[in-house]
Amino acid sequence: MNKGESMAKVYEPCTVEKQIYENWEANGYFKGVIDPEKKPFTIVIPPPNITGQLHMGHALDETLQDIIIRFKRMQGFSALWLPGTDHASIATEAKIVDALAKEGLTKEQIGREEFLKRAWDWKAKYGSRIVTQLRSLGSSCDWSRERFTMDEGLSKAVREVFVRLYNKGLIYKGERITNWCPCCNTSISDIEIEYSEDDGYFWHINYPFADGSGALTIATTRPETLLGDVAVAVNPEDEKYKDIIGKMLILPLVNKEIPVIADDYVELGFGTGAVKITPAHDPNDYEVGKRHDLPVIRIMDDKGFINENGGKYAGMERYAARKQIVEDLKAEGLLVKIEPHKHNVGHCQRCGTVLEPFVSNQWYVKMKPLAEPAIDAVRSGRIKFVPDRFAKTYYNWMENIQDWCISRQLWWGHRIPAYYCDECGHINVSREAPEKCECCGSTKLTQEQDTLDTWFSSALWPFSTLGWPDETPDLKYFYPTDVLVTGYDIIFFWVARMIFSACEQMGEVPFKTVLFHGLVRDSQGRKMSKSLGNGIDPLEVIDQFGTDALRFSLITGNSPGNDQRYLQEKVESARNFANKIWNATRFVLMNFDEDPDFTKVDPAKFTIEDKWILSAANRLVSEVTENLEKYELGVALSKVYDFVWDVYCDWYIEMVKPRLFDSTADNRLEAQFVLNEVLIKCMKLLHPFMPFVTEAIYQKLYKDAESIMISSWPQANEKYSYPEEEKAIDFIIDAIKKIRNIRHEMGVPSSRKAHVIAVTTDVSKAAILSKCEPILKNLGYCAGLTVQADNTGISKDAASISLPDASLFMPLEELIDIKKEIERLTQEKQNLENEINRISSKLSNENFVNKAPAQVVEGERAKLEKYRSIYENTANRLHDMLERG
RNA sequence: GGAAGUAUAGCUCAGCUGGUUAGAGCAUUCGCUUGACGUGCGAAAGGUCCAGAGUUCGAAUCUCUUUACUUCCACCA
């Protein structure tokens with residue numbers, strides 16, 4: 001039994017994938033190694049959350065990166081794909097809090113230390129799950145370098161950056177309006193807000209004038225905030241209210257006097273034209289309050305309950321208080337009307353709770369100075385966005401950036417390295433806990449309770465994972481990284497922040513290219529989500545169809561930055577493709593001699609079809625390489641697919657079958673060589689996309705193969721350039737297709753072979769036809785072929801095929817329907833005429849001939865010549881038939 | 001309110017810097033135990049490239065306008 005016969009008839013991914021992956025890893029092929037002889041190529045993984053489960057988005061993201069890194073590795077770069085995970089402060093903390101709740105505990109009850117212990121335990125238990133899942137995608141990450149955003153080194157980097165920014169005055173602590181999630185119990189940054197258009201109400205409320213002269217009507221969507229009102233503002237230009245500016249109003253329910261003030265902020269013509277001002281609970285009001293020097297009265301606590309400033313409402317939950325206040329206003333006759341009102345309400349990105357903006361004391365990063373170099377990094381081209389339209393989104397955000405609230409009232413995360421002096425109140429900010437206050441020398445210091453936004457640490461990922469702030473050899477060699485692959489949905493959260501962090505800390509960009517991909521949606525185009533239950537588990541798909549099939553289906557038809565749909569049919573066809581190449585290999589090996597000695601191959605014995613495919617494979621190599629360099633992964637893949645399936649399997653293999661089956665054939669070894677040569681080239685081109693099946697095949701093709709993943713990327717081989725043979729075989733394929741077409745149309749069974757007569761006066765065409773007789777016989781169902789220069793002996797009822805500079809005649813005896821044949825020829829003649837007219841009018845257009853590139857004009861001329869020749873043949877035959885018929 | 005994307009065969013999508021008789025997969029129709037594969041082979045049908053205007057010798061491709069859908073940003077109490 002030879003190697004081919006020992007291969008299963010159907011490729012079964014699940015039987016080989018795991019072992020192949022373990023082999024790669026055990027042999028250290030994934031390792032990024034500092035090699036001064038080689039150029040580095042670096043990718044850092046977008047670290048998945050430790051709370052995460054593998055989803056289709058990861059699958060796409062990982063596949064793209066793996067394709068690029070495998071390609072570069074094969075090209076001879078010292079490739080490093082650095083993996084790791086993110087601590088995901090808010091998401092993880094919520095998990096721990098939930099787990100505690102099940103035990104009837106709160107985090108306050110167990111205290112910070114115990115809480116963190118549990119969090120680390122949780123991380124140890126579940127943090128590796130996602131990493132295991134990434135491996136099943138075939139990811140060739142250097143797992144020996146796996147990092148975690150809260151490991152020792154990265155925490156050091158975080159403290160270093162914090163201290164540096166603080167010392168430069170770019171981090172400050174201040175009292176400002178911040179968005180607060182009463183459910184997660186923490187402040188959040190602006191970009192963590194998700195707005196949605198919600199149904200609400202406009203409550204119109206009368207605020208009576210203190211002097212008893214009537215009332216002023218305001219409208220609000222949050223009536224409970226009136227407890228914190230300190231004024232009512234009107235537009236200074238508003239004729240209606242000119243006279244009341246400066247008058248005092250009685251704040252309902254609170255019974256306190258507040259002034260009517262004038263401020264441009266109030267928009268003319270909107271609502272009642274009078275706006276209650278609650279500086280502690282609204283960012284705009286806060287600004288108005290500052291301008292008018294008004295007090296800031298916070299009336300709600302961190303959990304969303306009315307505080308002691310709320311008088312009799314103190315202790316009530318915010319919505320209960322709202323209801324009560326509306327009722328009380330109604331009772332006092334101050335409620336004018338309630339209007340339904342749609343408005344945008346901010347929700348917590350993580351838990352969906354309606355956010356409460358209020359003043360609190362938080363840490364911020366001053367963004368303006370950081371944004372400028374970051375904008376320049378992209379504008380100058382040092383960082384390239386693919387597709388480049390995302391640069392616009394990026395500029396727009398960066399140019400209008402607000403300061404970044406980085407403190408979180410959470411325990412799981414990097415605790416802010418600020419130490420308050422209990423004696424003098426001075427804030428000591430330092431890398432390590434100071435022994436005494438740098439201001440008064442007191443040793444009584446208390447560390448800040450708050451932790452940092454998760455994204456603060458991931459912003460440092462490209463350099464912190466390489467050892468920064470230490471000047472490590474890794475950092476020197478592998479930084480800056482080459483390409484970052486990520487979804488466009490985190491351009492602000494992560495990409496932008498890495499850019500300004502790197503520019504500030506490293507003085508250099510974090511990566512040279514950012515390749516953005518879109519979302520993987522369900523088959524109906526909906527976002528995959530837990531609540532819809534429409535998510536598809538990549539692991540299940542892998543089990544069923546294989547990793548390669550999943551990867552293939554995600555990449556084919558994918559273009560940068562665009563969303564795509566997940567369709568199972570696509571995975572199925574990808575699986576079929578894996579099976580196809582498996583069987584092509586099986587065929588090749590089944591038809592190998594025992595250990596063919598390719599050193600004995602004589603290129604002089606290459607046939608026309610050997611040269612044709614060697615030449616075509618060369619072009620494929622160049623094109624695919626170029627597409628990959630430009631990150632056109634989907635295009636590259638479909639080119640290999642087409643070549644392997646259509647060109648290699650359906651044509652070349654079929655062409656060489658007779659040679660292989662004839663053990664005495666003189667050039668059998670050459671056929672085996674070419675089959676092998678081209679197949680290996682294709683497998684290498686395909687390997688980044690479909691690593692497992694190509695490895696499995698590679699192992700079959702080579703006796704002592706190490707691994708395809710460390711083999712070298714194919715190069716176009718100049719000695720295999722045969723443009724003439726390529727043209728010749730294209731001519732023959734065209735002829736065969738036409739023969740098959742006619743036979744099918746005439747309903748001729750494939751068992752009935754026809755003796756074909758080729759008529760041509762063109763010497764080179766005659767030669768090609770003669771040379772290709774075996775191919776025509778085999779694939780064109782010919783019993784034999786005669787090539788001659790004139791029409792002698794051609795029966796009137798033979799079916800005819802017009803080719804450039806040649807005609808083929810197929811006597812099919814009684815099977816041919818003359819009427820039908822005349823119809824067919826007439827139609828064909830008409831089609832050709834149309835084409836010829838189109839092209840000749842183009843060529844007779846002086847402007848075209850003068851202005852179009854010579855190559856294009858030449859191309860059109862050649863086309864015209866070809867069609868004319870075919871036309872002539874068709875017209876002659878038609879004429880003949882009509883005459884004789 | 002601002003910005004962006006998409007619109008190509010029944011479905012899902014390719015088509016790069018303008019020059020193809022406009023492509024693929026799936027589905028459809030017809031035929032095939034052709035010594036690798038029916039997860040296959042062969043053949044076919046199917047498209048005013050959303051609509052309109054412009055630039056050009058030439059537009060699916062570039063510009064503008066319209067329509068439909070999608071997304072992001074901002075946000076008026």
Side-chain angles (χ1 to χ4, degrees), chain A residues 4-5 7 9-11 191 195 202 218-222 225 233 265-267 270-278 282 284-285 343-344 346 387 389-390 392-393 396-397 400 488-489 491-492 518-519 523 525 545 549 553 556-559 561-570 572-591 626-627 630 632 634-635 638 641-642 649-650 653-654 657 661 737 740-745 747-751 778-779 781 831-832 834-835 838-839 842 845-853 855-857 859-860 863 867:
Chain A
E5 282 157 351
M7 286 171 76
K9 222 171 156 179
V10 171
Y11 172 62
I191 56 174
Y195 287 95
F202 239 159
I218 60 94
T220 179
T221 56
R222 292 185 295 157
T225 59
Y265 155 67
V266 181
E267 196 184 317
F270 185 85
T272 65
V275 183
K276 62 195 269 312
I277 299 299
T278 325
D282 183 281
N284 290 307
D285 292 9
H343 60 146
N344 267 336
R389 68 181 132 93
F390 288 109
K392 236 181 216 175
T393 318
N396 187 44
W397 189 71
N400 299 297
Y488 61 71
D489 49 332
I491 182 165
F492 307 135
L519 267 47
S523 60
F545 299 103
S553 75
T556 181
N558 174 279
S559 54
N562 291 329
D563 291 355
Q564 61 184 312
R565 299 183 192 207
Y566 172 84
L567 297 169
Q568 196 179 92
E569 304 88 87
K570 242 170 122 177
E572 283 166 19
S573 87
R575 176 212 44 195
N576 295 353
F577 181 58
N579 189 56
K580 184 74 185 177
I581 57 178
W582 175 260
N583 271 289
T585 307
R586 194 167 150 249
F587 172 83
V588 168
L589 290 174
M590 278 167 82
N591 290 286
E626 199 185 319
N627 286 129
K630 295 198 287 196
E632 294 163 351
V635 178
S638 70
Y641 174 93
D642 288 343
C649 291
D650 289 346
I653 284 184
E654 294 304 326
K657 270 181 179 173
F661 296 159
K737 281 187 170 171
R740 287 168 173 176
N741 178 347
I742 287 185
R743 291 179 58 101
H744 188 263
E745 267 181 30
V748 186
S750 50
S751 55
N778 187 26
L779 303 183
Y781 311 102
N831 290 348
L832 286 162
N834 294 345
E835 268 314 293
R838 198 181 58 81
I839 300 171
K842 210 172 185 180
N845 181 339
E846 264 180 52
N847 279 322
F848 172 71
V849 180
N850 294 335
K851 291 186 185 172
Q855 224 183 346
V856 173
V857 178
E860 292 296 312
K863 239 190 286 177
Y867 288 136

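Letters A, B, ... mirror the listed sequences (proteins, then strands); counts begin at 1.
- C75(B) atom P lies 10 Å from atom CG of N400(A), rounded to whole Å.
- G40(B) and G35(B) are spaced 14 Å apart, taking the C1' atom of each and rounding to whole Å.
- For the P atom pair drawn from C11(B) and G5(B), the interatomic distance equals 25 Å after rounding to whole Å.
- Contact check on K657(A) versus E654(A) returns a salt bridge, with a Lys/Arg side-chain nitrogen under 4.0 Å from an Asp/Glu carboxylate oxygen.
- Among the protein residues, F390(A) comes within range of no part of the nucleic acid, since none of its heavy atoms lies under 4.0 Å from any strand.
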Inset, instruction - Heavy atoms under 4.0 Å is the rule here; annotate nucleotides 33-40 of chain B 5' to 3' with B where the base is hit, S where only the sugar-phosphate is, and - elsewhere. - result: --BBB-BS
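- By the 4.5 Å heavy-atom criterion applied to side chains, D650(A) and K580(A) are counted as neighbours.
- Rounded to a whole angstrom, the distance from the C1' atom of C49(B) to that of C62(B) is 16 Å.
- The CG atom of N284(A) sits 4.0 Å away from atom OH of Y265(A), with the distance rounded to the nearest 0.5 Å.
- Within the 4.5 Å cutoff, no side-chain heavy atoms of V275(A) are placed close to those of F270(A).
- One interatomic measurement links the two molecules: NE2 of H343(A) to C1' of C76(B), which rounds to 11 Å at whole-angstrom precision.
- Considering only side-chain N and O atoms, S638(A) lies nowhere under 4.0 angstrom from the phosphate OP1 or OP2 of A24(B).
- Taking for each of K276(A) and I839(A) the nucleotide of RNA chain B with the nearest heavy atom, the 5'-most of the two is the partner of I839(A).
- Taking atom P in both C76(B) and A4(B), one finds a spacing of 24 Å when rounded to whole Å.
- C30(B) sits 15 Å from A45(B) when the P atoms are compared, rounded to a whole Å.
- For the P atoms, the distance linking C13(B) with U8(B) amounts to 9 Å, nearest Å.
- Contacts of D282(A) with the nucleic acid, taken as non-hydrogen atoms under 4.0 Å apart, are absent.
- Between the side chain of T556(A) and the backbone N or O of S553(A) there is no donor-acceptor pair closer than 3.5 Å.
- The side chain of E267(A) sits closest to A77(B) out of G19(B), U21(B), A77(B).
- Atom CD of E569(A) is separated from atom C1' of U12(B) by 8 Å (rounded to the nearest Å).
- Panel note: side chain R743(A), backbone P749(A); a donor-acceptor pair is recorded below 3.5 Å.
- When only modelled atom types and interatomic distance are considered, T393(A) and N396(A) share no side-chain donor-acceptor pair under 3.5 Å.
- Base contact: N344(A) has a heavy atom under 4.0 Å from a base atom.
- Relative orientation of the Y641(A) and F577(A) rings is tilted, given thresholds of 30° and 60° on the angle between their planes.
- Taking each heavy atom of A219(A) and T272(A) in turn, the nearest pair found is N-OG1, 4.0 Å.
- Look at CD on Q564(A): it is 17 Å from P on U71(B), rounded to the nearest Å.
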Check: protein-nucleotides 58-63 of chain B nitrogen or oxygen pairs below 3.5 Å:
none

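- Using a 4.5 Å heavy-atom threshold, the side chains of K842(A) and V849(A) count as separate.
- A sub-4.0 Å separation between OP1 or OP2 of U21(B) and a side-chain N or O of R838(A) is present.
- When base pairs are accepted only as Watson-Crick or G-U wobble with both N-N or N-O distances under 3.5 Å, RNA chain B takes part in stems of 3 or more pairs at B:1-7 with B:67-73, B:10-13 with B:23-26, B:28-32 with B:40-44, B:51-54 with B:62-65.
- Under the ring-ring contact (aromatic ring centres under 6.0 Å, His included) criterion, H343(A) pairs with H341(A), not counting sequence neighbours.
- Between the side chain of H744(A) and the base of C30(B), at least one donor-acceptor pair of N or O atoms lies under 3.5 Å.
- Toward the 5′ end of RNA chain B lies the nearest nucleotide of E626(A), the other residue of the pair F202(A) and E626(A) mapping further downstream.
- Between K630(A) and V635(A), every side-chain heavy-atom pair lies at or beyond the 4.5 Å cut-off.
- Taking only distance into account, the side chain of Y867(A) meets the base of U21(B) through a donor-acceptor pair shorter than 3.5 Å.
- G25(B) atom P lies 7 Å from atom CG of D642(A), rounded to whole Å.
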When you compare the protein's N or O atoms with those of nucleotides 3-8 of chain B, which come within less than 3.5 Å of each other, and at what distance?
residue: A4(B); atom: OP1; partner: K392(A); partner atom: NZ; Å: 3.3

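- Using a 4.0 Å heavy-atom distance criterion, S751(A) is classed as making no nucleic acid contact.
- U65(B) and G19(B) have their P atoms separated by 25 Å, with the value rounded to a whole Å.
- Taken to the nearest 0.5 Å, the NZ atom of K863(A) stands 5.0 Å off from the CD1 atom of I839(A).
- If you check G25(B), C73(B), A14(B) against the side chain of V635(A), the one that comes closest is A14(B).
- Residues L589(A) and E5(A) are not in side-chain contact: their nearest non-hydrogen atoms beyond the backbone lie 4.5 Å or more apart.
- The same atom, C1', is picked in U20(B) and in U55(B); the two are 22 Å apart, to the nearest Å.
- The nearest pair of heavy atoms linking Y11(A) to N579(A) is N-OD1, 3.0 Å.
- Rounding to whole angstrom units, CZ of residue R740(A) and C1' of G31(B) are separated by 13 Å.
- Rounding to whole angstrom units, CG of residue N850(A) and P of U56(B) are separated by 16 Å.
- In this structure Y488(A) satisfies the ring-ring contact (aromatic ring centres under 6.0 Å, His included) test together with F390(A), sequence neighbours excluded.
- Considering only side-chain N and O atoms, R565(A) lies under 4.0 angstrom from the phosphate OP1 or OP2 of C13(B).
- Note: CG (D563(A)) to P (U71(B)) measures 9 Å, nearest angstrom.
- N583(A) places a side-chain N or O within 3.5 Å of a backbone atom of K9(A) that can act as its donor or acceptor partner.
- Nucleic acid contact for G634(A): none, since no nucleic acid atom lies under 4.0 Å from a heavy atom of the residue.
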